[in-house]
Amino acid sequence: MHALAPDLGALHRRVLDWYAGASRPLPWREPGTTPYGVLLSEVMSQQTPVARVAPIWREWLERWPTPAALAAASPGDVVRAWGRLGYPRRALRLHEAAIAMVQRHGGEVPSTPEELRALPGVGDYTASAVACFAYDAPVPVVDTNVRRVLVRLLDGEAQAAPALTRHERDLALAALPVADADAVTWGVAAMELGALVCTARTPRCEECPVEDLCAWRAAGSPPYAGPVKRTQRWEGTDRQARGALMAVLREAPGPVPAERLALAWPQEAQRDRCLHSLVVDGLVEPLDGDRYRLPA
DNA sequence: CAATCGTGGTG
DNA sequence: TCACCAAGATT
C-alpha cells in the first residue's frame, strides 16, 4: 500500500487540531443545519466552488426549507433558482431526490450511505459525505481533495489519478481514524486541508500541519508522473451551446420564441441538436408555435 | 472505462 | 492571456 508506515495517530491529531482552528465558516457548517441543508450543499458543490454556492444555498433553504417543499416546486422554478451554478441537471436531480424522499422516506433525508446512494444525483462521494456530516457516520469521505491529500501524504505522489482508483479507496479506509468521533471529523478536516493548504497547484506546504510526515515532501516534491487527463475544450462545444440556450430560458419569465434562441446560438444544426438534448434531459419544454420554456 | 455535462475565478 | 481548476454523477 505504501512503503512507510507513518504515525497515523500523530497525523490524525495534528490535522484535526489544525481543522479546529483553520476551517472556513461555511454556512452549512453552522450548528442547526439540517441533513437536507447538508445534502443541498453537497450537491451544489459538485464541481462548483463553495464560494459561489453559499448565496444560492441560503436562497434555496429559505424558499424550500424541506424536501417536501422542494418536491412541491416546479422543475422550472428549481432550475431557475439554480442560476449559474452550472450543470443544471443537478438541480433537476435534486428535485427528483426530494420527490423520492417524500415517497420513500417520509420526507426525511435518509441516513445510511446505501439509501442516500439510491437517490438521483447522489453518488458514492455525496452519499458518504451526507451520512458523515449530517448523521455522524464514521465512514470514509473521499473527494478530490482527500484523494490528493492522501496520495501525497502516504504515497509520495504529486497528484491523484484522473479517476478514483481502488488503491485510493483502500488508502482512505486505512487512513480512517479508529475512534468514531475522530473518524467523523476526519473527512471534513482532510477535505479542508486539501482545499486550503494541500492544493492542486502551488500547495502551501509551509503552512501544513503535517509537512514533516508527508511522503511527497520527504521525496523532494517530485512532479506528477502518471497519466494526464484530457483537458476538455470549450469553444463551440455542445456544452457551451446548451449553456447559452439555458441562460436565455432562465432569464425569460415565460415561453421564448425560437428566433430568440437562434440569436443566442446561431448555428442551426447544433442549436437543434442541443435543444433536443435539453428536452430529453427534462431541462426544456417545447411548446406549440415553436416556443420553448423551462419545464412547468 | 472514458466521454459528457456549465460556469466563473485565477495563477 | 488562457489553460487549468472547483466538495462528481451518469451513461
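Letters A, B, ... mirror the listed sequences (proteins, then strands); counts begin at 1.
Backbone-only engagement by A/Asp124 is indicated by non-hydrogen atom pairs under 4.0 Å involving sugar-phosphate atoms exclusively. Residue-level contact check: A/Val122 touches the backbone only, with heavy atoms under 4.0 Å from sugar-phosphate atoms and none from bases. Within the nucleic acid shown, A/Gly86 comes within 4.0 Å of at least one base atom, counting heavy atoms only. Within the 4.0 angstrom heavy-atom criterion, only backbone atoms of the sugar-phosphate kind lie near A/Ala200; the bases stay farther away. Counting any heavy atom pair closer than 4.0 Å across all strands shown, A/Leu85 reaches a base atom. Using a 4.0 Å heavy-atom criterion, one finds that A/Pro162 contacts no nucleic acid atom at all. A/Trp28 comes within 4.0 angstrom of a base, heavy atoms only. At a threshold of 4.0 angstrom between heavy atoms, the contacts of A/Arg93 are confined to the sugar-phosphate backbone, with no base atom among them. No engagement by A/Arg233 is indicated, since no non-hydrogen atom pair under 4.0 Å with the nucleic acid exists. Among the heavy atoms of the strands, none lies under 4.0 Å from A/Leu278. Heavy atoms of A/Ala51 sit nowhere under 4.0 angstrom from any nucleic acid atom. Across all strands, A/Arg147 comes closer than 4.0 Å to no nucleic acid atom at all (heavy-atom distances).
In this structure, A/Leu119 and A/Val188 both approach DNA chain C, and ranking their closest nucleotides by distance from the 5' end singles out A/Val188.
With a 6.0 Å cutoff to the six-membered ring centre and a 45° limit on the axis angle, A/Arg152 counts as a cation-pi contact of A/Trp216.
If you check distances only, the side chain of A/Arg239 does reach the base of B/dG6 with a donor-acceptor pair under 3.5 Å. Between the side chain of A/Thr144 and the base of C/dG8, no donor-acceptor pair of N or O atoms lies under 3.5 Å. Within 3.5 Å, a donor on the side chain of A/Arg52 pairs with an acceptor on the base of B/dT7, or the reverse.
The interatomic distance linking A/Asp281 (CG) with B/dT4 (C1') rounds to 10 Å, in whole Å. One interatomic measurement links the two molecules: CG of A/Asp238 to P of B/dT7, which rounds to 13 Å at whole-angstrom precision. Atom CG in A/Leu40 sits about 16 Å away from atom C1' in C/dG8, given to the nearest Å. For the pair A/Leu193 CG and C/dA7 C1', the interatomic distance rounds to 14 Å; values are reported in whole Å. A/Glu235 has its CD atom 16 Å from the P atom of B/dG6, to the nearest Å. Straight-line distance from the CD atom of A/Gln270 to the P atom of B/dC5: 10 Å, rounded to whole Å. The interatomic distance linking A/Arg273 (CZ) with B/dT4 (P) rounds to 11 Å, in whole Å. In this entry the distance linking CG of A/Leu164 with P of B/dC1 reads 10 Å, nearest Å.
Proximity of A/Phe133 to A/Arg29: side-chain heavy atoms (C-beta onward) are nowhere separated by under 4.5 Å. You'll find the side chain of A/Val248 reaches within 4.5 Å of the side chain of A/Val256, heavy atoms only.
The pair A/Arg14-A/Asp212 meets the salt-bridge criterion, since a charged nitrogen lies less than 4.0 angstrom from a carboxylate oxygen. In this structure, A/Arg13 does not pair ionically with A/Asp182, as no charged nitrogen and carboxylate oxygen lie closer than 4.0 Å. Using a 4.0 Å cut-off between charged nitrogen and carboxylate oxygen, A/Asp170 and A/Arg166 count as a salt-bridge pair.
C/dA7 and B/dA3 are spaced 23 Å apart, taking the P atom of each and rounding to whole Å. C/dA9 and B/dG9: their P atoms are spaced 24 Å apart (whole Å).
Contact between the side-chain N/O atoms of A/Gln47 and the OP1/OP2 oxygens of C/dG8 is found at a separation under 4.0 Å. Applying the 4.0 Å criterion to OP1 and OP2 of B/dG6, one finds that A/Arg242 has a side-chain N or O inside that range. Put simply, A/Thr126 has a side-chain N or O that comes within less than 4.0 Å of OP1 or OP2 on C/dA9.
A/Ala69 approaches A/Trp64 most closely through the heavy-atom pair O-CD1, 3.5 Å.
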